[in-house]
Amino acid sequence: MNYWLVKTEPHVYSIDDLKHDKVTAWTGVRNYQARNFLTSMEVGDTVLIYHSNAKPPGIVGVGVVKAKAKPDETQFEKNGHYFDPKATPEKPRWFCPDIRFSEKFGRMISLDELREQQSLEELLLLKRGSRLSVTPVDQKHYNIIVKLANKKS
DNA sequence: GCCAACGTTGGC
DNA sequence: GCCAACGTTGGC
């Protein structure tokens, strides 16, 4: 069982939307490295949910992989924002797993707070220049983050 | 296969 | 809205 972190812009799709929907297809990722992580996700893997382009940005909760990645339908939607003219149903380029809501943290762990943790120095999210919207997370880092989430502020 | 131009991400 | 740090595209 593996741990991951996915970014989402809350004004587009927030943890509250996920809570409301219960399960969602994690569509719209258009970066090969991120795609490869998405297709590596196994049913039952744990996924930290991060709000990017938010004030402040930070980790807000947890989801679980409900189904392995399948072709992302939004790549075929001609007038959609995520349309990819080079993708065909026979040869899809982009894939998305289903992610189920698990929990929303009692408080957000902001990017600033994450950076303050010496123990999270190696978290890929915090690595300079890492703009990847899907990254793997070490179990030890996951444990630290959950502990932070449960700490009274 | 190089690389300049262009597009995107995402914190600030 | 700016811009650094990427990633992608396409001419050659």
Side-chain angles (χ1 to χ4, degrees), chain A residues 2-21 24-41 45-65 68-99 101-138 140-142 144-149 151 153:
Chain A
N2 290 305
Y3 298 87
W4 308 90
L5 182 144
V6 299
K7 297 180 186 176
T8 183
E9 301 190 29
H11 67 273
V12 177
Y13 195 87
S14 72
I15 184 109
D16 292 321
D17 293 323
L18 180 59
K19 183 177 184 180
H20 173 263
D21 293 345
T24 195
W26 206 261
T27 58
V29 172
R30 294 293 181 269
N31 169 286
Y32 288 106
Q33 219 182 330
R35 178 200 67 184
N36 294 342
F37 288 137
L38 285 181
T39 53
S40 301
M41 289 183 181
D45 281 0
T46 300
V47 182
L48 290 165
I49 311 285
Y50 177 88
H51 279 177
S52 63
N53 264 325
K55 288 177 186 172
I59 299 174
V60 289
V62 180
V64 177
V65 176
K68 284 206 60 141
K70 55 185 181 301
D72 177 344
E73 291 302 320
T74 64
Q75 69 194 300
F76 309 126
E77 292 166 3
K78 252 212 152 101
N79 295 314
H81 184 247
Y82 296 113
F83 178 63
D84 182 343
K86 292 185 180 161
T88 65
E90 294 73 36
K91 270 203 148 185
R93 268 188 166 187
W94 307 110
F95 298 85
C96 58
D98 285 345
I99 292 180
F101 175 79
S102 175
E103 71 161 315
K104 181 180 176 179
F105 289 153
R107 65 189 195 91
M108 163 187 270
I109 311 159
S110 71
L111 183 58
D112 281 347
E113 187 173 353
L114 291 168
R115 286 200 214 279
E116 284 167 14
Q117 315 302 317
Q118 182 80 36
S119 52
L120 292 177
E121 214 174 32
E122 294 299 313
L123 186 67
L124 279 179
L125 173 76
L126 304 179
K127 286 288 190 177
R128 193 178 139 80
S130 174
R131 298 173 309 152
L132 265 189
S133 59
V134 183
T135 49
V137 174
D138 286 352
K140 63 175 186 210
H141 292 149
Y142 176 79
I144 292 164
I145 289 163
V146 168
K147 213 171 277 177
L148 277 176
K151 206 168 75 177
S153 42

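Each chain gets a letter, A, B and so on, in the order its sequence line appears, and its residues count up from 1.
With sequence neighbours left out, the salt bridge (Lys or Arg N to Asp or Glu O under 4.0 Å) criterion links A:Lys70 to A:Asp98. Considering only residues two or more places apart in sequence or on other chains, A:Lys68 meets the side-chain hydrogen bond (donor to acceptor under 3.5 Å, both in side chains) condition with A:Glu42. When the salt bridge (Lys or Arg N to Asp or Glu O under 4.0 Å) test is applied to A:Asp17, no partner is found at least two apart in sequence or on another chain. For A:Arg93, the salt bridge (Lys or Arg N to Asp or Glu O under 4.0 Å) partners two or more places apart in sequence, or in a different chain, are A:Asp84. Checked against ring-ring contact (aromatic ring centres under 6.0 Å, His included), A:Tyr142 has the following partners two or more places apart in sequence or in another chain: A:Tyr3.
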Name the pairs: protein N/O against N/O of nucleotides 6-12 of chain B, kept only if under 3.5 Å.
unit_1, atom_1, unit_2, atom_2, d
B:dT8, O2, A:Arg131, NH1, 2.9
B:dT9, O3', A:Arg131, O, 3.4
B:dT9, O2, A:Arg131, NH1, 3.3
B:dG10, OP1, A:Lys7, NZ, 2.9
B:dG10, OP1, A:Arg131, O, 2.7
B:dG11, OP1, A:Tyr50, OH, 2.6
B:dG11, OP2, A:Asn53, N, 3.0

